[in-house]
Amino acid sequence: MDTTHGLPPAVLDLSDPAGRSIHTLFGQSVVGMVHLRTDGTIVLANQAFADMLRTTADELAGTSLVALAAEEDVQRERTTMLRMIDGVLPHHAAEFVLERRDGGTVALQFGISALLDVDGTCTSLVCQVMDVSRLRRAEDFMSRRALFDPLTQLINRTLLIDLLGDQLRVRQNPFAVIAINLDRFKAVNDSLGQSTGDGVLVEIAGRLRQALQPGDAAARIAGDDFVLLCGNITSRAQVDALTQRVLDGIAEPIDVDGLRIQLTASAGISLVAPGTGQSGDEVLTQATQALKHAKERGRARWKVYDQEMRTASTDRLRIETSLRTALDEGLMRVAYQPLRDLRTGEITGAEALLRWHDPFLGPIDPPDFLPVAEETGMIVPLGQFAMSQAVRAVATWRDLTGLPLCVSVNLSPHELNRHGITERVSDALDVARLPSTALRFEITEGVLVHADQQVRRNITDLHALGIAIGIDDFGTGYASMSYLKTLPLDFVKIDRSFVAGIDSSREDQAIVRATLELAHALNLTTIAEGIESDRQLDLLTELGCDWGQGYLIGEPSTSTAMLERVSG
Ligand code: C2E
Ligand code: CA
Ligand code: CA
């Protein structure tokens, strides 16, 4: 490597015509080219290379390229470069960030070739150089986009899972994963518009960041789902205090777009002890399961994942096993809950609700077994069972009372996705000699949001058959009113959580009022579910809600009980 003394060795013999043309090529090449001594001093650079550094070829000659390069790049490449200079390695590609004459930096890709003399000693290096700055910037941008949430600049789910994995491997002390979801953020989005909703999310992200200690992380993993990763947890009390602080912070009024908004949030916590062999995904699932429990117990609270929830997931396994035989063994029933026309006070029909009483597990609620049924495909025979029972029941009621009663059946996403549903339904009506108005279908908002061609066609066909189709639990999912226009729908059912708050919360009342107005403007009938008190019933009637359902009007019961009710 002893080339620091004396003249640089000649690269090209300019007296030789080949040498001259190569020299010309060097000068005229649009690709950056630079000839270096083995210590990194520039012997000759072409203008294309000089342009990359915002300087001239003359100014570069004799200066050290190494001095311009980022220290970490020089360190990284040192050993490889020594191997080139030792004549061991003839070619090498490397990337260096160099300082430009104007003080900026540029990322350059070097294709380096060692020039060897006859005895194999490396005399100098020739490099072809490409500016890859733009590419790197684009890559940085992409990887930022791939790992960060563009709206809030918090890390996204991918990076969170990565970080969690790292923490699980290296951490010696316990840490906490806190899943946070805003309570009814959708109502904000729907009523105030998405840009205001975005403003709220950005503000919340800022508050979460502030609540963190150095080394902790905050992520937004979906819509209004946030996750905190908090290390150095020494006690349960500390986690409780932290979570309370975070939830209190979120509940502070938010000023956005000239509006003052107040929201609450719920949280679920997974406390992680190191060395349990859990994966990042598992830990996150535990936190979200705990969050679900917190939500089910009302808003603005939190819950730590515990033994009870672990048991619940084992129960799930038992449910899955028992579900397979329940239908065959006649353990499934359908209950009917009356629907009332709020204007006339008449009972107009009933909603069909599945009931399962297992001799060992006891009564199992639909929310506990339906998700399992969906996942295992059992929902198809279950749905067929519910529908055939419901059709038989409504035929009996109509025959025996002469009243134009209807039955409303819940359709799962799975069922709506299947071919031939319209034919099966139409056959069932024919066999029972029922008009299509005797049957109604309730589908969830989620179905609407994710509706593909098949689902849309099925909904359109069923509607064309004359069957009323409506959206269940309206206001809880992610569909906005605009979705209602995209499909031929007939009614919306206002979710019982809004009905529950209608007599106590101004916000709930405003939501119900707005939903009723919009639905009516779209020519949709409105049904309020979960009416439990006279006051709720009166308010809904006053607000112009068309139909009602709830324990106050009647609890789900047998087909015979329904018949007695309408006959009497
Ligand atoms: P959903 O369609 O919203 O049904 C109404 C639920 O609210 C029923 O719970 C009913 O028992 C309950 N409910 C009725 N009145 C009141 C009230 O005044 N207060 C309160 N707090 N609750 C009331 P259930 O039977 O547990 O059903 C839960 C969900 O399971 C249903 O929600 C529906 O989405 C689904 N489901 C039930 N049967 C079927 C079915 O045959 N097929 C499908 N795909 N889903 C079903
Ligand atoms: Ca329903
Ligand atoms: Ca409902």
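Remember, it's 1-based here, ligands and their atoms both numbered in the order they're listed.
Residue contact check for ligand 1: G383 places no non-hydrogen atom closer than 4.0 Å to it. Within the structure, ligand 1 has E351 among the residues with a heavy atom less than 4.0 angstrom away. At least one heavy atom of I531 sits less than 4.0 Å from an atom of ligand 1. Look at R355 and you'll find a heavy atom under 4.0 Å from some atom of ligand 1.
Pairs engaging residues 386-408 under the side-chain hydrogen bond (donor to acceptor under 3.5 Å, both in side chains) rule: W397-S559, S408-E442 [sequence neighbours left out].
Close N/O approach between L354 and ligand 1 is found [any backbone or side-chain N/O within under 3.5 Å].
The part of P367 lying near ligand 1 is the side chain, judged by heavy-atom distances below 4.0 Å. When heavy-atom distances to ligand 1 are checked against a 4.0 Å cut-off, S412 comes that close through both its backbone and its side chain. Only side-chain heavy atoms of R496 come within less than 4.0 Å of ligand 1; its backbone N, CA, C and O stay farther off. Under 4.0 Å from ligand 1, the heavy atoms of D472 that appear belong solely to its side chain. Under 4.0 Å from ligand 1, not a single heavy atom of Q549 appears. Only the side chain of D473 comes within 4.0 Å of ligand 1, counting heavy atoms alone; its backbone N, CA, C and O stay farther away.
The neighbour count for Q194 CD, taken as heavy atoms of other residues, nucleotides or ligands under 6.0 Å away, does not exceed 12. The environment of K292 atom NZ is sparse: at most 12 non-hydrogen atoms of other residues, nucleotides or ligands sit within 6.0 angstrom.
The A386 neighbourhood of ligand 1 comprises atoms 41 (O), with distances under 4.0 Å to a heavy atom of that residue. Atoms of ligand 1 lying under 4.0 Å from any heavy atom of E529, numbered from 1 in the order shown and given with element: 3 (O). Within ligand 1, counting atoms from 1 as listed, the ones closer than 4.0 Å to a heavy atom of P556 are 11 (O).
Sorting the N, O or S atoms of D472 by how far they are from the Ca ion (ligand 2) puts OD2 first. Within E351, OE2 is the N, O or S atom that lies nearest to the Ca ion (ligand 2).
Ion pairing between D183 and K295 holds under the 4.0 Å rule for side-chain N and carboxylate O.
The backbone N or O of E252 sits less than 3.5 Å from a side-chain atom of R207, completing a donor-acceptor pair. Although no hydrogens or angles enter the test, the distance criterion places no donor-acceptor pair under 3.5 Å between the side chain of D472 and the main chain of I443.
Here D473 does not reach the Ca ion (ligand 2): none of its N/O/S atoms is less than 3.0 Å from the metal. Residue contacts to the Ca ion (ligand 2): E442 brings an N, O or S atom closer than 3.0 Å. Taking backbone and side chain together, S408 holds no N, O or S atom under 3.0 Å from the Ca ion (ligand 2).
For the pair T515 and F498, the minimum side-chain heavy-atom distance is 4.5 Å or more.
Residue nearest to atom 36 (N) of ligand 1, selected from L370, L416, V499: L370 (by heavy-atom distance).
Partner of N156 under the side chain to side chain contact (heavy atoms under 4.5 Å, CB included) criterion, chosen from T158, L160, T152: T158.
Checked against side chain to side chain donor-acceptor pair (under 3.5 Å), R433 has no partners two or more places apart in sequence or in another chain.
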Subject >> Verdict with supporting geometry, D546 and R343, salt bridge (charged side-chain N to carboxylate O under 4.0 Å, His left out) >> reply: CA-CA 7 Å; D546 302 300; R343 294 154 307 192; 3.1 Å; yes
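Taken to the nearest 0.5 Å, the OG1 atom of T525 stands 8.5 Å off from the CZ atom of F491.
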